[in-house]
Every structure is written in structure tokens, then in C-alpha cells.
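Report on one structure; see the data block that follows.
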Amino acid sequence: MSDKKEFYTKLKTQLDDTTNFPADYLYKFIVPTEANQVAEVETIFNNSGAVINKKKSKTGKYVSVSILLKIESSDKVISYYKRAEKIKGIISL
């Protein structure tokens, strides 16, 4: 089993054990500012009712993006992570 698949399987189990869905879920990402990665993250959560907060790093090379979203299930949480992981240079926290 690949590391990513194992990670998402474990995450799903943890979410199902600890969260009563629907629930508010906080996504946190670190995104390089060199291209349009912040806009790509915002596009993923566009029209979902998400509250998005951004904060630049001291050097300006990165942006911290926090997204608060009402989520219906653990599968939906993971689907957003899988879409975000395709963005170049993104780090999920």
C-alpha cells in the first residue's frame, strides 16, 4: 500500500472515530507565493461557503492559508486534501 493511501485510510478512521459529521473542519496549508498557488487553493474551496484566511510569512516567500468549512463526511474532508495535494509546492498541516 502506498504511503498516501495509508495516510488517507488512517485519517478517515481517525475522523470517523472523533468527529460527528456534519462538522466544521479547519484545513491549513503553507503555499509558496512564486506563482498562483494561493488562487489555486481558493479555487478548490470556491462556492463551498468556506471562510478563508491568509497570512504572508515574514520573508514573503510563503502564505499560510487557513480554511474553515462545514463538512458532511470524512470522505469529503479527504477529497479536498486530494485535490489540494496536486498544487505545486503546497504543504498540508
Side-chain angles (χ1 to χ4, degrees):
M1 191 176 339
S2 75
D3 286 344
K4 279 196 192 296
K5 186 170 182 175
E6 210 170 284
F7 169 77
Y8 287 125
T9 302
K10 186 176 177 183
L11 178 60
K12 179 174 173 38
T13 301
Q14 288 175 335
L15 287 169
D16 287 339
D17 289 347
T18 61
T19 309
N20 293 320
F21 291 100
D24 288 337
Y25 189 82
L26 182 64
Y27 291 91
K28 288 189 166 238
F29 301 106
I30 303 293
V31 186
T33 55
E34 63 199 32
N36 63 340
Q37 288 100 325
V38 174
E40 289 180 55
V41 172
E42 290 174 328
T43 299
I44 291 171
F45 294 93
N46 209 3
N47 299 321
S48 64
V51 176
I52 300 174
N53 292 307
K54 299 171 279 193
K55 183 180 177 186
K56 278 192 174 182
S57 66
K58 286 182 183 179
T59 61
K61 291 182 181 179
Y62 297 94
V63 176
S64 166
V65 183
S66 300
I67 299 122
L68 185 62
L69 180 63
K70 175 90 75 199
I71 295 282
E72 303 81 38
S73 69
S74 57
D75 291 325
K76 193 76 170 166
V77 170
I78 291 168
S79 75
Y80 280 111
Y81 275 122
K82 287 182 175 179
R83 289 169 63 192
E85 75 183 14
K86 295 174 182 154
I87 298 170
K88 182 180 180 237
I90 194 167
I91 300 168
S92 298
L93 303 177

(message) For a 4.5 angstrom cut-off between non-hydrogen side-chain atoms, does Asp75 reach Phe21?
(response) no
CD (Glu42) and CG (Asn46) are apart, to the nearest 0.5 Å, by 8.0 Å
Hphob cluster co-occupancy, Val51 + Val41, side-chain heavy atoms under 4.5 angstrom: no
(request) Kindly indicate, with the supporting measurements, whether the criterion side-chain contact (heavy atoms from CB on, under 4.5 Å) is fulfilled by Asp3 and Phe7. (result) CA-CA 6 Å; Asp3 286 344; Phe7 169 77; over 6 Å; no
Does the side chain of Tyr25 reach to within under 4.5 Å of the side chain of Tyr80, using non-hydrogen atoms?
no
dist Ile71:CD1 -> Ser48:OG (nearest 0.5 Å) comes out at 7.5 Å
Test log, rule side-chain contact (heavy atoms from CB on, under 4.5 Å), inputs Phe29 and Ile87
CA-CA 11 Å; Phe29 301 106; Ile87 298 170; over 6 Å; no
To the nearest 0.5 Å, atom CD1 of Ile67 lies from atom NZ of Lys54 at 10.0 Å
query = For the hydrophobic clusters of this structure (ILVMFWY residues joined by side-chain heavy atoms under 4.5 Å, transitively), does one cluster hold both Val77 and Leu69?
reply = yes
Tightest non-hydrogen contact, residues Lys82 and Glu85, listed as O-CG, 3.2 Å
*Check whether Leu15 and Leu68 end up in the same hydrophobic cluster, where Ile, Leu, Val, Met, Phe, Trp and Tyr are linked by side-chain heavy atoms less than 4.5 Å apart.*
no
* Co-membership, hydrophobic cluster, residues Ile30 and Ile52, 4.5 Å side-chain -> no
Between the OG1 atom in Thr43 and the CD atom in Gln37, the distance rounded to the nearest 0.5 Å is 12.0 Å
Side chains of Ser74 and Lys12: any donor to acceptor distance under 3.5 Å?
yes
Shortest non-hydrogen pair, Asn20 vs Ala23, comes out as O-CB, 3.5 Å
Is it true that Val38 and Tyr62 fall in one hydrophobic cluster, defined by side-chain heavy atoms closer than 4.5 Å?
no
For Pro32 and Gly89, the nearest pair of non-hydrogen atoms, with its separation, is CD-O, 3.3 Å
When every non-hydrogen atom of Gly60 is compared with those of Thr33, the smallest separation belongs to O-OG1, 2.8 Å
So CD1 of Ile44 and NZ of Lys86: to nearest 0.5 Å the spacing works out to 8.5 Å
Ala84 and Ile90 have their tightest heavy-atom pair at O-CG2, 3.3 Å
